[in-house]
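The block underneath contains the structure these notes are about, expressed in structure tokens.
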Amino acid sequence: MPTANQQLAALFAQMADILEILESDRFRVNAFRKTSRVLDDMAEDVAGIGPDISSLVQIDGVGKGAAQRIAEFLETGKIADHTQLMDQIPDGLLGLLNISGLGPKTISLFWNQAGVEGLDDLKAKLETGELTNLPGLGKKKLENIQKSVAFAESAGGRVRLGQAMPMAFWFVGQLEKLKQVKQAAYAGSLRRGRETIGDIDVIVSAEAKGAAAISDAFVALEPVTDVLVKGATKSSVRTRGGMQVDLRVVEPRQYGAALMYFTGSKEHNIVLRQRAIDRGMNLNEYALTKGNKIIAGQTEQEIYQVLDLAWIPPELREDRGEMILAEKNELPKLIEIGDIKAELHAHTTASDGHWSIEEYAAAAAHRGFHTVAVTDHSRGQGQANGLSSQRLEQHIKNVRVAAAQMKNQITILAGSEVDILANGQLDYPDSLLKELDLVVASPHAALTQEPKKATDRLLKAIDNPYVTIMGHPTGRIILSREGLNPDMKQLIAAAAQRGIALELNANTMRLDLRDTHARMAIEAGVLLSINTDAHGPDHLDQLVYGVLTARRAGATKAGVINCLSKAALAKWLRGTRP
DNA sequence: GCCGTTTTCGGCCCGACTGTTTTCAGTCG
């Protein structure tokens, strides 16, 4: 069940789409889009604010009109304007907006002049040639639309951060090998560490005369299956995996401006641009200029500096207040991957992992970690070979033996990832939990519970005196399973009260807590625990995704228990238990 | 429709590429 914020965001986005197809004022359309984005980004539940207009208009991007529509939704579950707009166009038209190269103008034209009411109509009429002879649409354009339709049917939009990043590294590496290329980096939502990525943006710098050769080499790379656009400075390709990769070639003196521009976010850029205008300057993807004079452009740092801002880490560039902090030079010193010194959630062959206690501990020690916790599944996870109470007792003994053997290399803690059952009870009795050094309590089943029930369930688990960390609280799987929608505000307050940590599960499938929830937790003073939930050696590498997400939330080293020293972590763990 | 240190009107980011044009509209990012 989507939250009120998500439902409202979808309604406002849909109203914007319809208004655009109906050729309404584009600024009005943008206003609806902004409201949609703000609602989607907002950590606070708008239902909690209630249908009070004067409170709702306090939200940035929500004016009187949007406030009334939100209030209407909160009271009736519907927005009359939305229903009325939906009645004005065939349902199938909205889906056509997802087809690359097809925008509102063309869709409107197809609908009004050729009777296209959806994807099936479009496909049929493209086949029969009924769409030729429409104004402004030649053979080539129709062919491209036909190709895009075929692609849209075979591929699904975004991919996970962890899928896009290795590919981006590969492309950057290939481009760096070209002799014309001076610098290369990926930008876009990937650089900002978003949990899903639409396409990969790569920026390279080179002297102008070398640009053509770079574009040629780029579109000829092995994974490229389609060339969508190829120009002197801008090219776009599709790869075998269906991923789109965009390349921009700029001159070295423009590199910082380009990197900044294409890192985004769009909203962050708009604020920056306005800030430049306020200072009598102009900012675009090539430079910060004053009149005809170039003021800055080679590095991001110098551009921010001229705009009286500290350099803002990409993960914070979402127009969520970072500009104010940068102005006052109060940006947090964000956590870095090297700050992490402990892994507190991992599985071994005792349950569903692929490595022994010793292999796990050795890999962690090799990374420079001082502590690991062995946390195999509890008995309820039958499919994951969860441990019965008897097996857990034996497992604890095995962990103690390994810990003694390896005590000069690393500290090994005996823990468990204990199921939070549907009713909020834990999967082992307290008498057994007491024997462990730490308990990660996580929901695994009944992940479609109503929000209220889910909240009560997780609150009950937090109440258990032996719980140290709440693991992946929503149980979502990115792009695949929505998971629970508990009242995060209540959970965070309870975690703060109890003094336990909330996990930010670093697995690229999970990233749970998500960035906005992690931000709420930090603001409430709750400590985070960034863990990979490793089941085998390569999984520890997923730490980077958890750290990126934590950085998006504004996390510092001080707010993450995995960054504590060995002694401090041991002390903190003891402090959470009776 | 939203917003305000030029605040209740007037502006809202802007450049590259494509395909269709003979100077530009549409789309994308």
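Note on naming: letters A, B, ... go to the chains in the order of the sequence lines (proteins, then strands), and numbering restarts at 1 for each one. As the structure is a computational prediction, the values presented were derived from the model and not from experiment. Any value given below was found using the heavy atoms of this structure, including those in side chains, with hydrogens, waters and symmetry copies removed.
The nucleotide range of DNA chain B contacted by chain A, defined by atoms under 4.0 angstrom from heavy atoms of the protein and reported 5' to 3', is B:dG1 to B:dG29.
Under the ring pair (Phe, Tyr, Trp, His ring centres under 6.0 Å) criterion, A:F262 pairs with no residue at all, not counting sequence neighbours. Residues satisfying the ring pair (Phe, Tyr, Trp, His ring centres under 6.0 Å) criterion with A:F169, sequence neighbours excluded, are A:Y186.
Using a 4.0 Å heavy-atom cutoff across all strands shown, A:F32 reaches sugar-phosphate atoms only and no base atom. Across all strands, A:V62 comes closer than 4.0 Å only to sugar-phosphate atoms, never to a base (heavy-atom distances). Among the heavy atoms of the strands, none lies under 4.0 Å from A:I277. Using a 4.0 Å heavy-atom criterion, one finds that A:G61 contacts the sugar-phosphate atoms exclusively. Residue A:R33 is out of contact with every strand shown, counting any heavy-atom pair closer than 4.0 Å. Looking at heavy-atom distances under 4.0 Å, A:T106 makes contact with sugar-phosphate atoms alone, never a base. Among the heavy atoms of the strands, none lies under 4.0 Å from A:N269. Residue A:N30 is classed as having no contact, given no heavy-atom separation below 4.0 Å to the nucleic acid. Contact annotation for A:K34: no contact, since no heavy-atom pair falls under 4.0 Å across all strands. Here A:D199 lies in heavy-atom contact (under 4.0 Å) with sugar-phosphate atoms only. Across all strands shown, A:E143 has no heavy atoms under 4.0 Å from either base or sugar-phosphate atoms. Here A:T233 lies in heavy-atom contact (under 4.0 Å) with sugar-phosphate atoms only. Within 4.0 Å (heavy atoms only), A:L142 reaches no atom of the nucleic acid at all.
B:dA16 sits 32 Å from B:dG10 when the P atoms are compared, rounded to a whole Å. The P atoms of B:dC2 and B:dC17 are separated by 36 Å, rounded to the nearest whole Å. When the P atom is used for both B:dG15 and B:dT20, the distance is 25 Å, rounded to whole Å. Distance noted for atom C1' between B:dT21 and B:dT27: 16 Å (whole Å). Separating the C1' atom of B:dT8 from that of B:dC3 is a span of 10 Å, rounded to the nearest Å. Comparing the C1' positions of B:dT6 and B:dG11 gives a spacing of 13 Å, expressed to the nearest Å.
Both A:Y286 and A:Q274 sit near DNA chain B, but only A:Q274 has its closest nucleotide nearer the 5' end. Taking the nucleotide of DNA chain B with the nearest heavy atom to each of A:R28 and A:R248, the more 5' of the two is matched to A:R28.
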Less than 3.5 Å apart, which donor and acceptor atoms pair up between the side chains of residues 70-79 of chain A and the rest of the protein, not counting sequence neighbours?
{"residue": "A:E72", "atom": "OE2", "partner": "A:A80", "partner atom": "N", "Å": "2.7"}
{"residue": "A:T76", "atom": "OG1", "partner": "A:E72", "partner atom": "O", "Å": "2.8"}
{"residue": "A:T76", "atom": "OG1", "partner": "A:K78", "partner atom": "N", "Å": "3.1"}
{"residue": "A:T76", "atom": "OG1", "partner": "A:K78", "partner atom": "O", "Å": "3.1"}

I'd like a table of donor-acceptor pairs (distance under 3.5 Å, sequence neighbours excluded) in which one partner is a side-chain atom from residues 197-225 of chain A, with atom names and distances.
{"residue": "A:S205", "atom": "OG", "partner": "A:Q183", "partner atom": "N", "Å": "3.2"}
{"residue": "A:S205", "atom": "OG", "partner": "A:Q183", "partner atom": "OE1", "Å": "3.0"}
{"residue": "A:S215", "atom": "OG", "partner": "A:A211", "partner atom": "O", "Å": "3.4"}
{"residue": "A:S215", "atom": "OG", "partner": "A:G231", "partner atom": "O", "Å": "3.4"}
{"residue": "A:D216", "atom": "OD1", "partner": "A:K230", "partner atom": "NZ", "Å": "2.8"}
{"residue": "A:E222", "atom": "OE2", "partner": "A:R240", "partner atom": "NH1", "Å": "2.8"}
{"residue": "A:T225", "atom": "OG1", "partner": "A:R238", "partner atom": "O", "Å": "3.1"}

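For residues 5-23 of chain A, the pairs satisfying salt bridge (Lys or Arg N to Asp or Glu O under 4.0 Å) are A:D17-A:R33, A:E20-A:R33, with sequence neighbours left out.
With a 4.5 Å cut-off on side-chain heavy atoms, A:I59 and A:I49 count as touching.
The side-chain contact (heavy atoms from CB on, under 4.5 Å) test with A:R320 singles out one residue from A:E267, A:H268, A:R552, A:M42, and that residue is A:R552.
One finds no salt bridge joining A:D45 and A:K489 here, because no Lys/Arg side-chain nitrogen approaches an Asp/Glu carboxylate oxygen to under 4.0 Å.
Under the Watson-Crick and G-U wobble criteria, each requiring two contacts below 3.5 Å, nucleotide B:dG26 is paired to B:dC17.
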